[in-house]
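Notes to accompany the following structure.
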Protein chains: 2
Amino acid sequence: MIKGILFDLDDTLYNSSEFVEIARREAVKSMIDAGLNIDFEEAMNILNKIIKDKGSNYGKHFDDLVKAVLGKYDPKIITTGIITYHNVKVALLRPYPHTIKTLMELKAMGLKLGVITDGLTIKQWEKLIRLGIHPFFDDVITSEEFGLGKPHLEFFKYGLKRMGLKAEETVYVGDRVDKDIKPAKELGMITVRILKGKYKDMEDDEYSDYTINSLQELVDIVKNLKKD
Amino acid sequence: MIKGILFDLDDTLYNSSEFVEIARREAVKSMIDAGLNIDFEEAMNILNKIIKDKGSNYGKHFDDLVKAVLGKYDPKIITTGIITYHNVKVALLRPYPHTIKTLMELKAMGLKLGVITDGLTIKQWEKLIRLGIHPFFDDVITSEEFGLGKPHLEFFKYGLKRMGLKAEETVYVGDRVDKDIKPAKELGMITVRILKGKYKDMEDDEYSDYTINSLQELVDIVKNLKKD
């Protein structure tokens, strides 16, 4: 008997890859306009290397980019980048089509809904609130809170415990096989892989019970599961 | 011979007191709506005490408020407050009337213009960029950069040095007697006190060479000084 659904956030409930890519590119363009004297594509290469080396939650990507290009700290250029990034975030953060309607229908079916996500707690909450979908979720579990992220099984177990759910009565929805679907399946959850984001064209896998192209397909899947 | 002007930022170039007060009140209202179970005025009293104790640049005012009221960390409520504060900031940050026109006229007179301000570098730059007035300034000097703020004379000396100005050829414009006007006068600058913000009704002082109600009065003052 299905009692709840755990959702990944980035690229599962909204188009994270696209928003991040646009926000970074626009931020770099605005920094070049503010005096960062470098070719755009070259700047993007440096920035992407910094992000790869330091991780996406490192707070000083633009500081390091400016330092790498100009050899010094320049608060005007850095702040210009931060403001542009933020403005693009506010403008582009919207759920995937059908997300809100789907969450309403799942909620109406009496299911517990939760989000389990890697990332900084305040940053992930900011996305949920700006997306306008936070009221649908009974709990939001972040890797920062637990101290360990995906694909660690302990993190998923902690999420189930916080939700008061057992693995076998829980549907897991995520976009990544390695970090979402595989560990969820290993714990005994019913796994739904959503074909969105930059991993959507990965070859098929052995861990997904279902694959969907849009979140709304989830309603029929859960209805059928509830019949069993 | 007047060669440059140093401006204070908060409450001198825009209405900082009003914006901060509105942003804090709206943030607290939104936090109550998100589940912070407390009377509004009581919450404001707690928040104001936290701000007084920890200083305005402490990054966790809302965390501490939620902790004080609920006895625990609640990321949804904290993030709601942060987003509301930020939204109000973006909506309300505008220069005082006549500020841009005045800066254009002063710039056209061949003067060096600078900002010298207490606060975190990125936060102060964010205000200048959002206010749209940053291109008028040859330099922006913050207490974070120097390591010591107003009213320390060393900070003002550092500001003059960064601008390449001598005290006696510099006009200083600020709203506070104790932190702006007194030290500037002691160093030998020509001091202009703008009667704005929460200190505007303070009794008159012995350190202001001029007092103005609007920044545009500065143009005639500087014109007359340049005649000497």
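Chain letters run A, B, ... following the sequence lines, proteins first and then strands; every chain starts at 1.
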Between OG1 of A:Thr79 and NZ of B:Lys127, what distance do you get to the nearest 0.5 Å?
-> 12.0 Å
Other residues, nucleotides, ligands: >12 heavy atoms within 6.0 Å of B:Lys166 NZ | no
CH2 of B:Trp125 to CD1 of A:Ile77: how many Å apart, nearest 0.5 Å?
-> 9.0 Å
Check the surroundings of atom NZ in A:Lys67: do more than 12 heavy atoms from other residues, nucleotides or ligands lie under 6.0 Å from it?
-> no
Counting heavy-atom pairs under 4.5 angstrom with chain A, the leader among B:Thr121, B:Thr80, B:Ile129, B:Ile78 is B:Ile129
How about A:Asn37: does its CG atom have over 12 heavy atoms from other parts shown lying under 6.0 Å from it?
-> no
Those residues of residues 140-158 of chain B, ordered by number, that approach chain A below 4.5 Å (heavy atom to heavy atom) | B:Glu145
Mark yes when over 12 heavy atoms from residues, nucleotides or ligands other than B:Met109 sit less than 6.0 Å from its CE; otherwise mark no.
-> yes
Chain B: which of A:His86, A:Gln124, A:Lys123, A:His134 shares the most heavy-atom pairs with it under 4.5 Å?
-> A:His86
Evaluate whether atom NZ of A:Lys89 has more than 12 neighbouring non-hydrogen atoms of other residues, nucleotides or ligands under 6.0 angstrom away.
-> yes
Cut-off 4.5 Å, heavy atoms of chain B, and the answer for A:Ile82 is side chain
